[in-house]
Enquirer: 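Have a look at the structure that comes next, please.
Chain letters run A, B, ... following the sequence lines, proteins first, then strands; residues in each count from 1.
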Amino acid sequence: MHRWSELFIPTLREAPADAEVASHKFLVRAGYIRQLAAGIYSYLFLGKRSFNKIIRIVREEMDRIGQEFYLPALHPRELWEASGRWALMGDNLFRLKDRKGTDLALGMTEEEVMTSIALKDLRSYKQLPQIWYQIAPKFRDEPRPRSGLLRVRQFMMKDSYSFDIDAAGLDVSYRKHYDTYCRIFDRCGLKYMVVEADSGAMGGKESHEFMVRTPAGEDQIVSCDGCNYAANIEKATSKLEVVEDLKPEGDGKPLEVHTPGQKTIEDVAKFLGVSPKNKIKTLALMAEEKDASGNTKLREIVVLMRGDHQLNEAKLNAAVGVATRPMEESEIRALFKSPAGYLGPIGIEWGKDRKKDAEKPVLVVDKALEGRTNLIGGANKENYHLKNLTPGKDFDPTAYADLRAVTAGEACPNCGKPLRIDTAVEIGHIFKLGYRYSESMGARVLDKNGKEVMPIMGSYGIGIERILTAAVEQGNDENGFWLPPAIAPFEIVVSPVNVKDETVRSAAEDIVKRLEVAGYDVIFDDRDERPGVKFKDADLVGIPFRITVGKKVTEGTVEVVQRSTREVRDVRISAIVETFGELLRRSG
RNA sequence: CGGGGCGUAGCGCAGCCUGGUAGCGCACCUGCCUUGGGCGCAGGGGGUCGUAGGUUCAAAUCCUAUCGCCCCGACCA
């Protein structure tokens, strides 16, 4: 029997000052976690119990489609060099040296380790498909850990990897994960959505993220209430209304207009009496690229957007393959020969091919400008802009790409209904890796014809603490939070109003015993505290049901309180077990 | 990486500007009291003021460095 008086459940009346989001505040206040360092947390009794339940669900479901491994977190440098990620991962990878000075890394995912096993021991198509998974800590040296457990440096992750003989096989493994993830998150009692995702620098093709809507999240998801379209904003598109182009002025060639002191899109549009939709927004960015010999060098990347559109950096990143930063004032002057505010694409020799013209600046133009005519942009001359700018005629972009951030209310690309945008937290991510690791690390199997082929891979992750965090974000009020019964540390807290009253106490203890025999996780709040203290704690710590044992025991009844709804019902003590059979079935 | 803020008792904070050897609330311990929403009374314990150096007769307080933690930004071009 779990007696509260003997357990370590350090609840706090006030949240630590540095906690911002609800889940962080409440998990600390409820005595689930304590912070050890930035982005590093200890799990105490209640937190670990909840964790165990989540892991158990994940493991049960994963065991239906795959095999659990236990892999080291400490990886030799050579392994990461083989895949190319030693250099690629930069500062996000934790690195350390052993006493001999040998470089090691702390695993942030396990593609390399899994592939190293595969390449040694997978020989034949007859051994495929394989799905291998593990549930283990992962380490990432995040540039900025934040929001309590939402972005941390050490976390528990279920990661799995599939190996198939061909793309059709990968489709099956992918689908299995998709379905399994749905079952896992359903069982965890989360309200989630599945969105199309950017596969990022991993080079994959298809990718889905499992998202829980919450203002505490770090991702933006675009979705349509009219159909099932849903995508991460890094990937989302929308149907644009047709914009009427301006008529050419004069001879139709770029025409300089005096725009003294008019620097912003808004100002210039107003000054010239046109819509920002007919303006070009010129963004001057700088990328740090590595050349063949491994030296980093700067590369100018200029982006053109429709005046009223916003750049989505993830899309740009995907389009150019490198991270960018805004140019500094001096860099702007060097390229454009003009101060910011009057920048445009004219008069600069743009690279035709990003790879071949390695010395020349890159001009990437958003697709929303493709086919447009007579736009207005900066003249690269202080206090002047140009009219009659037509992409492809007056200047040649290195490439066109979808770079635009979708905004709420734009038309759904599928059905045309207005799109909505929500912030959300990512709890799971599945994607088709393809041949990246098989190729770089040299995994090969023989196919039916005795020919050597590369196995095709998928990789799939679930953030264990994010399930807990998302559940707290999804169910809380000013007094605390409630977890879905399946992942709560206890399903029921039994609170005798006065433990010094023998009748009350023994009735409560009897109820605890009977519920435990029936298989429920129950905690007995046997502390000699005033009822108010016990109720406040019960409300705080995430347990979905409370049984209050008070004076009414003499009449043979107790109160059952549902935390999420505050609904209170009197229940005959004799019927308590059946009552919970009913209640827990209903609340999943 | 850039910008801002904060480090004083387990938690939340005051004191710092104007140097004089540390305080409040909650929590904790003891006793009494109380028992359906953080009850009351009395007594009590606990802090190298993040760290190091400097200025000074004297530093939580002023100066310098450093470490840590939190937030914002990686977008009027």
Side-chain angles (χ1 to χ4, degrees), chain A residues 8 10-21 24-25 28-29 31 34-40 90-91 142-148 151 218 262-269 276 279-286 288 300-305 307-317 323-329 331-333 335-336 338-345 377-380 382 385 403-405 478-480 495-501 504-505 525 527-540 546-553 558-559 561 566 568:
Chain A
F8 182 59
T11 58
L12 299 175
R13 197 181 287 229
E14 285 171 289
D18 48 20
E20 291 276 319
V21 299
H24 186 197
K25 286 181 185 165
V28 172
R29 281 191 57 202
R34 286 293 182 265
Q35 184 176 33
L36 188 62
I40 305 176
D91 290 336
E142 292 287 344
R144 191 180 152 210
R146 71 184 105 181
S147 304
R151 179 160 295 277
E218 295 187 301
Q262 309 297 313
K263 289 187 178 186
T264 69
I265 299 282
E266 277 303 312
D267 288 348
V268 174
K279 267 226 61 186
I280 293 174
K281 179 190 279 189
T282 305
L283 300 158
L285 303 165
M286 203 56 113
E288 286 182 4
E300 291 132 326
I301 295 189
V302 175
V303 173
L304 302 188
M305 307 287 303
D308 60 324
H309 286 164
Q310 299 284 99
L311 171 68
N312 181 297
E313 277 185 72
K315 285 184 178 179
L316 176 63
N317 206 329
T324 54
R325 60 162 173 84
M327 272 191 202
E328 283 160 22
E329 186 67 36
E331 294 166 337
I332 290 178
R333 293 244 178 211
L335 179 63
F336 293 92
S338 160
Y342 307 94
L343 306 185
N380 291 332
E382 189 159 12
H385 280 76
L403 303 173
R404 180 174 57 93
E478 66 282 1
N479 294 312
S495 310
V497 159
N498 181 357
V499 290
K500 292 219 172 106
D501 182 327
V504 168
R505 189 194 162 92
D525 192 354
R527 293 174 299 167
D528 183 14
E529 289 284 357
R530 297 177 58 83
V533 174
K534 298 208 252 193
F535 294 161
K536 285 286 184 194
D537 273 346
D539 285 348
L540 174 63
R546 183 180 91 212
I547 300 175
T548 310
V549 184
K551 292 200 185 78
K552 280 181 274 188
V553 283
V558 291
E559 280 171 12
V561 187
R566 302 242 144 194
V568 181

Enquirer: Applying a 4.0 Å non-hydrogen cut-off, can you work out what A:Glu266 is touching in the nucleic acid: base, sugar-phosphate, or nothing?
Expert: nothing

Enquirer: Hey, does A:Ile332 reach any base, or is it just sugar-phosphate, or nothing, if we go heavy atoms under 4.0 Å?
Expert: base

Enquirer: Looking only at side-chain N and O atoms, does A:Gln310 come under 4.0 Å of OP1 or OP2 in B:C76?
Expert: no

Enquirer: By the 4.0 Å heavy-atom rule, please label A:Ala19 as base, sugar-phosphate, or nothing.
Expert: nothing

Enquirer: What does A:Arg29 touch in the nucleic acid at a heavy-atom separation under 4.0 angstrom: a base, only the sugar-phosphate, or nothing?
Expert: base

Enquirer: Please write out each protein N/O paired with an N/O of nucleotides 14-16 of chain B under 3.5 Å, distance rounded to 0.1 Å.
Expert:
none

Enquirer: When you check the phosphate oxygens OP1 and OP2 of B:G38, does a side-chain N or O of A:Lys534 lie under 4.0 Å from one of them?
Expert: no

Enquirer: Going by modelled atom types, is there a donor-acceptor pair between the base of B:G36 and the side chain of A:Asn498 at under 3.5 Å?
Expert: no

Enquirer: Is it true that A:Asp539 and A:Arg566 make a salt bridge, defined as a side-chain N closer than 4.0 Å to a carboxylate O?
Expert: yes

Enquirer: Does B:A27 have OP1 or OP2 under 4.0 Å away from a side-chain N or O of A:Arg13?
Expert: yes

Enquirer: Quantified in whole Å, what is the P atom distance between nucleotide B:U30 and nucleotide B:G46?
Expert: 16 Å

Enquirer: Measure CZ/A:Arg530 against C1'/B:G37 and give the value in whole Å, please.
Expert: 9 Å

Enquirer: Mind checking A:Asp539 for me? I need base, sugar-phosphate or nothing, with any heavy atom below 4.0 Å counting as a touch.
Expert: base

Enquirer: Name the nucleic acid region contacted by A:Thr548, choosing base, sugar-phosphate or nothing; use a 4.0 angstrom heavy-atom cut-off, strictly under.
Expert: base

Enquirer: Rounding to an integer number of angstrom, what distance separates B:G3 and B:U21 when you compare their P atoms?
Expert: 39 Å

Enquirer: Contact class for A:Arg546 (heavy atom, under 4.0 Å): base, sugar-phosphate, or nothing?
Expert: base

Enquirer: Tabulate protein N/O versus nucleotide N/O from nucleotides 3-12 of chain B, keeping only pairs under 3.5 Å, one per line.
Expert:
residue	atom	partner	partner atom	Å
B:C11	O2'	A:Glu14	O	3.4
B:G12	OP1	A:Ala17	N	2.7
B:G12	O2'	A:Glu14	OE2	3.2

Enquirer: Can you work out whether A:His24 or A:Glu559 has the more 5'-proximal nearest nucleotide on RNA chain B?
Expert: A:Glu559

Enquirer: Once you apply a heavy-atom cut-off of 4.0 Å, does A:Lys281 come out as touching a base, just sugar-phosphate, or nothing?
Expert: sugar-phosphate

Enquirer: Is A:Asp525 salt-bridged to A:Arg546, cutoff N-O under 4.0 Å?
Expert: no

Enquirer: Mind checking A:Gly341 for me? I need base, sugar-phosphate or nothing, with any heavy atom below 4.0 Å counting as a touch.
Expert: sugar-phosphate

Enquirer: Students often get this wrong, so: under 4.0 angstrom with heavy atoms, is A:Leu311 touching a base, only sugar-phosphate, or nothing?
Expert: base

Enquirer: Have a look at A:Asp537 and say if it touches a base, only the backbone sugar-phosphate, or nothing, with a 4.0 Å heavy-atom cut-off.
Expert: base

